[in-house]
Amino acid sequence: TLQIRAKRKIKMIKKKGEKRALKSLEWFDLMMAFYPFKREAKKHGFYMEELEGMEKSLMEMRPFPEDKKIEKAIESLKENR
């Protein structure tokens, strides 16, 4: 399931509670697992505050600078277009 995949990615990313730099594809995989999970969780009011914190952390871990084209793709994914 998406939740299990997201948890596995987080375990790979965090080593003994420390964040490490993500490779672009690792970050992309995590993002692709997170947003469908977030959409489903929001439908049920599941851990709303924690979801926002997770999303903020995900954006802070982005391994590349902001880019308008990438931002547009992320917004599209958030909205499930």
Side-chain angles (χ1 to χ4, degrees):
T1 67
L2 292 173
Q3 186 177 11
I4 292 170
R5 284 190 354 207
K7 284 182 180 180
R8 285 182 185 152
K9 290 291 179 185
I10 290 168
K11 283 181 183 178
M12 287 176 25
I13 293 164
K14 292 186 176 181
K15 195 173 192 178
K16 296 182 182 177
E18 296 177 13
K19 291 182 184 178
R20 70 168 176 79
L22 288 175
K23 295 179 182 171
S24 293
L25 289 177
E26 290 173 327
W27 183 83
F28 179 77
D29 285 346
L30 183 58
M31 186 183 71
M32 292 299 291
F34 174 73
Y35 283 111
F37 169 73
K38 181 181 177 188
R39 268 193 304 280
E40 191 61 31
K42 284 179 82 170
K43 288 180 190 176
H44 306 286
F46 184 69
Y47 286 101
M48 298 304 294
E49 290 179 23
E50 289 83 353
L51 288 171
E52 297 306 316
M54 291 166 68
E55 183 175 29
K56 182 179 180 226
S57 180
L58 181 62
M59 290 300 128
E60 289 171 354
M61 296 172 77
R62 182 173 28 195
F64 45 83
E66 290 187 29
D67 178 291
K68 288 183 182 184
K69 192 173 183 180
I70 292 171
E71 293 301 318
K72 190 174 182 178
I74 291 171
E75 287 302 316
S76 179
L77 181 61
K78 286 180 185 179
E79 297 170 9
N80 195 27
R81 288 188 194 165

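The structure presented is a predicted model; accordingly, all values stated were derived computationally and were not measured.
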Distance col, row F46:CZ vs F37:CZ, nearest 0.5 angstrom, shows 5.5 Å
For residues 49-56, dump all side-chain donor-acceptor pairs below 3.5 Å to protein atoms at least two apart in sequence or in another chain.
residue, atom, partner, partner atom, Å
E55, OE1, K38, NZ, 2.5
E55, OE2, Y35, OH, 2.8
E55, OE2, K78, NZ, 3.2
K56, NZ, E60, OE2, 3.4

Between the CZ atom in F28 and the CZ atom in R62, the distance rounded to the nearest 0.5 Å is 13.0 Å
Heavy-atom closest pair (F34 atom, L58 atom, distance to 0.1 Å) is CD2-CD2, 3.9 Å
Here the pair of heavy atoms bringing P63 nearest to S24 is CG-CA, 3.6 Å
Is it true that E75 and K72 have a side-chain N and a carboxylate O under 4.0 angstrom from each other?
-> no
Shortest non-hydrogen pair, A41 vs M48, comes out as O-SD, 4.5 Å
